Structure formats: structure tokens, C-alpha cells
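My questions will all concern the structure given below.
Only a predicted model underlies this, so the values are computations on that prediction, with no experimental measurement involved. Lettering follows sequence order; numbering is per chain, from 1.
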2 protein chains.
Amino acid sequence: MRIGELAKRTGCQSETVRYYEQTGLLPEPAREAGNYRSYDERHVERLSFIRHCRSLDMTLEEIRTLLRFRDAPEKNCGDVNELLDEHIGHVASRITELTRLEKELKRLRHLCGKAQTSKDCGILNGLAKGTTASRRHHSGTGHVHRTHPAR
Amino acid sequence: MRIGELAKRTGCQSETVRYYEQTGLLPEPAREAGNYRSYDERHVERLSFIRHCRSLDMTLEEIRTLLRFRDAPEKNCGDVNELLDEHIGHVASRITELTRLEKELKRLRHLCGKAQTSKDCGILNGLAKGTTASRRHHSGTGHVHRTHPAR
DNA sequence: GGTACACTTTGTAGTTACTACAGGGTCAAG
DNA sequence: CTTGACCCTGTAGTAACTACAAAGTGTACC
């Protein structure tokens with residue numbers, strides 16, 4: 001199987017596959033005649049694992065750690081539990097934070113019901129006052145992203 | 001006031017201030033004798049506005065748009081309402097998504113109660129099966145970030 | 001054989017919102 | 001006149017990709 005098929009079967013792009021290879025998440029595959037990368041089912045499985053972890057919002061670093069355990073089946077997996085617990089904590093605290101944001105945003109939104117001139121807009125004026133709810137961007141709990149994705 | 005004081009008063013770093021100037025969010029300030037940037041209260045206010053928006057997880061692009069309205073007080077602010085509504089939508093859908101993640105992560109976590117060998121770890125095995133709950137990373141709704149912040 | 005087309009290769013640059021230097025300059029105090 | 005705290009410009013790094021550019025490969029059709 002060439003890179004395009006692998007990508008399609010795992011729901012990502014060829015570039016992403018090569019990127020994972022570069023950063024050591026995927027092993028360098030064999031090459032066929034024309035220098036094309038040649039993959040088999042084991043690659044599909046590993047890449048699926050990675051993509052599944054990504055869909056759970058883990059970082060590549062976390063995934064790297066998990067893969068090390070997968071690659072050493074006799075090792076004790078206690079740290080896996082720990083990693084997951086931490087990750088769950090990060091997600092939970094991000095939810096808390098976003099919920100707070102949502103409330104504040106809705107409050108702001110009610111300050112301007114209808115279109116009018118900017119200088120009288122309750123939203124713009126509301127934003128000018130420093131509510132400063134969260135002085136630091138992230139409460140420092142962990143590694144949970146903001147609201148806007150990479151596109 | 002020099003850049004350090006401005007930064008302190010708005011809760012960010014001097015580098016961030018200069019970055020905002022570069023990208024056009026803050027106007028180029030006057031310079032004092034030794035080529036130091038010289039700020040006044042209007043800068044404090046504008047920067048506070050920006051930081052407040054950032055604390056609400058808006059992108060610099062969104063903030064730029066809001067600032068354009070602030071800078072044109074006679075213009076109609078209807079688009080401000082729209083921007084905010086959209087942003088609220090993004091935050092809301094991110095919360096939904098993270099809540100789903102949290103559930104799945106907790107389910108996974110229960111698959112391995114205690115430390116054991118990796119090959120028997122329910123978590124690692126659970127991650128290998130492609131649940132593929134969300135084929136695309138973000139459901140495409142908007143611009144809401146993942147779980148891990150910029151550190 | 002020619003050529004159109006889809007796919008692949010490597011490598012590099014761009015994205016967001018900063019942060020972290022390096023290698024200098026300015027200024028007041030001691 | 002040196003020490004220290006601050007400031008200057010400019011560049012590179014971060015995460016996890018995405019998007020090219022410029023070239024090679026493989027197959028189908030005429």
C-alpha cells in the first residue's frame with residue numbers, strides 16, 4: 001500500500017503521515033521499486049492508534065509515551081493510567097474554563113441587543129472595561145488549548 | 001510610561017506589546033530621547049481591551065475587527081453582535097466536543113484499573129481500536145482550539 | 001512512441017500567538 | 001566608571017500540521 005491509501009484509510013493526509021515518520025511516531029517503511037513508501041496492516045494499526053489518540057486531544061508527546069508502552073508489552077503500564085488521568089484532568093479544567101468564558105460572552109452579548117452606532121455599543125464598551133477574570137491565560141493547570149483551531 | 005510599565009499594568013510581557021505593534025493592533029507610539037517607546041493612558045486602555053478579548057479566547061483577527069469598530073464610533077455595530085454570536089457558537093461547540101472527549105477518556109480509563117503489563121492494559125488495547133468518533137478533528141464548526149495550550 | 005494524468009518524492013515555508021534569546025544601546029546610582 | 005535594570009532590533013523556536021515548489025514514477029490512452 002502506498003502513502004495515499006494509508007492516509008485515506010486512517011483519515012489523514014499523506015503529508016501528515018510523512019510528518020509522523022519524520023518525528024519518529026511511525027517507523028520508516030520499506031520502499032518499493034520507484035522509491036515509493038510501502039505500508040502494510042501494521043502501519044495502518046499504528047497510525048489508527050495515533051489518530052485515535054489525537055482525536056482524544058492528546059499531544060504527540062503523550063502519544064509517543066503511549067507508543068513506548070505499546071512497543072514494550074512486558075513493561076508495567078502504571079504510567080499509562082497516570083498519563084490518562086492527567087489528560088482527563090486537563091480536558092476537565094478546559095471545560096470548566098470554557099464554560100466560564102461562555103457565560104461571560106453571553107453576558108456581554110446582552111449588552112447590545114440591536115445594531116446601533118459603535119460608540120454606543122454595549123459590547124464594545126463592555127470589552128473596554130478590564131474584567132480580568134483570568135489574569136493568566138490558562139490557569140496553569142495543564143496543556144489545554146484555546147478556542148480556535150489550526151484551521 | 002515605558003514598555004515595561006505598560007506591560008505590567010496590562011498583565012503581559014514587553015515582547016507581546018511589541019508583537020501587537022508589529023501586527024498593527026497597537027499604533028506605533030512616540031519615542032522618548034533614548035529611542036524608548038513612550039506610552040500613555042490611551043495605550044493602556046487599548047491594550048487592556050485586547051487582553052480582555054484574548055482572555056475570552058478571541059483570535060487576534062477577531063480583535064482586529066472589533067478594534068476597527070472602536071476606531072470608527074459612528075459606524076453601525078451590527079457586525080460586532082454577529083462576531084460575538086459566532087464566537088459564542090465556537091466556544092459552545094468546543095465545550096460539547098470536550099465533554100464527549102471526557103466521557104470517552106473516562107470510559108477508556110476504566111478499562112485498566114491497576115498497573116499490569118502493557119500488553120494486557122485495557123487502555124492501550126482500547127486505544128488501538130479505532131473508535132473514530134470524530135473522523136475530522138474538528139467538526140468544522142469553527143475555530144476552537146484543542147486541549148493543549150501554548151505552555 | 002508520446003503525452004496526459006494521478007500519484008509520489010524531497011525540501012522548505014507558512015500558520016497562531018506568542019516566547020526566548022543574541023547582541024547591542026541607555027540611563028541612573030554608587 | 002562600572003554595575004544593574006531596563007530598553008532596542010532582529011531572528012528563531014513552539015505544536016501539529018498544511019501548503020506549496022520542483023521534480024520523478026506509473027499507467028492509460030492514442
note = When rounded to whole Å, the OH to C1' distance for the pair A:Tyr20 and D:dA16 reads 7 Å
task = Check the distance between C:dC7's P and A:Asn35's CG and give it to me in whole angstrom.
result = 19 Å
request  = Return the 5'-most residue of the pair A:Gly4, B:Gln13 with respect to DNA chain C, ranking by each residue's nearest nucleotide.
outcome  =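 Whichever sits nearer the 5' end wins; that is A:Gly4.
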query = Is there a donor N/O on one and an acceptor N/O on the other, under 3.5 Å, for the side chain of A:Tyr36 and the base of C:dT9?
reply =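 Side chain to base: no pair below 3.5 Å.
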message = Just the rounded figure in Å: distance from P of D:dA15 to CD of A:Glu62.
response =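 For the pair A:Glu62 CD and D:dA15 P, the rounded distance is 12 Å.
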B:Tyr19 (side chain) and C:dT19 (base): donor-acceptor pair under 3.5 Å = no
query = Is the number of heavy atoms from other residues, nucleotides or ligands within 6.0 Å of CZ (A:Arg31) greater than 12?
reply =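 Atom CZ in A:Arg31 is crowded, with more than 12 foreign heavy atoms closer than 6.0 Å.
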query = What is the distance from CD1 of A:Ile3 to P of C:dA6, rounded to the nearest Å?
reply =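 Result: 19 Å.
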query = Is it the case that one hydrophobic cluster holds both B:Tyr36 and B:Tyr20, taking links as side-chain heavy atoms less than 4.5 Å apart, direct or via other members?
reply =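 Shared cluster, no.
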query = Over how many whole Å does the gap from B:Leu56 atom CG to C:dA17 atom P extend?
reply =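 B:Leu56 atom CG is separated from C:dA17 atom P by 14 Å.
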task = For the side chain of A:Leu60, starting at C-beta, report the closest nucleotide among D:dC17, C:dC18, C:dT8.
result =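 Minimum distance to the A:Leu60 side chain belongs to D:dC17.
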request  = Ignoring hydrogens and angles, tell me if any N or O in the side chain of B:Arg37 forms a donor-acceptor pair with the backbone of B:Glu28 under 3.5 Å.
outcome  = no
key: Exercise: do B:Arg46 and B:Tyr39 side chains pair donor with acceptor under 3.5 Å   =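 The criterion, which ignores hydrogens and geometry beyond distance, is not satisfied for B:Tyr39 and B:Arg46.
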task = Starting from P on C:dT10, measure out to CD on A:Glu21 and report it in whole angstrom.
result =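 In whole Å, C:dT10 P and A:Glu21 CD are 7 Å from each other.
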inquiry  = Given the ring of B:Phe49, does B:Arg70 sit roughly above its face, with NZ or CZ under 6.0 Å from the centre of the six-membered ring and within 45° of the axis?
reply    = yes
task = Using atom OH of B:Tyr39 as one end and atom C1' of D:dC6 as the other, report the distance to the nearest whole Å.
result = 14 Å
key: Pairwise 5' ranking along DNA chain D for B:Glu15 and A:Thr16, keeping only the more 5' one   =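 It is B:Glu15, whose closest nucleotide lies nearer the 5' terminus.
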Touch class at under 4.0 angstrom, heavy-atom based, for A:Arg18 against every strand present =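 Base, at least one base atom sits under 4.0 Å.
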ask   = Are A:Arg54 and D:dC17 close enough that a side-chain N or O sits under 4.0 Å from OP1 or OP2?
value = yes
ask   = Quick one: is B:Arg37 getting a side-chain N or O under 4.0 Å of the D:dC8 phosphate, OP1 or OP2?
value =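 Answer yes for this pair, as a side-chain N or O of B:Arg37 is under 4.0 Å from OP1 or OP2.
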request  = Give the rounded distance in Å between these two atoms: CD of B:Glu61 and P of C:dG14.
outcome  =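 Nearest whole value for this atom pair: 18 Å.
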task = State whether B:Arg64 places a side-chain N or O below 4.0 Å from either non-bridging phosphate oxygen (OP1 or OP2) of C:dA17.
result = no
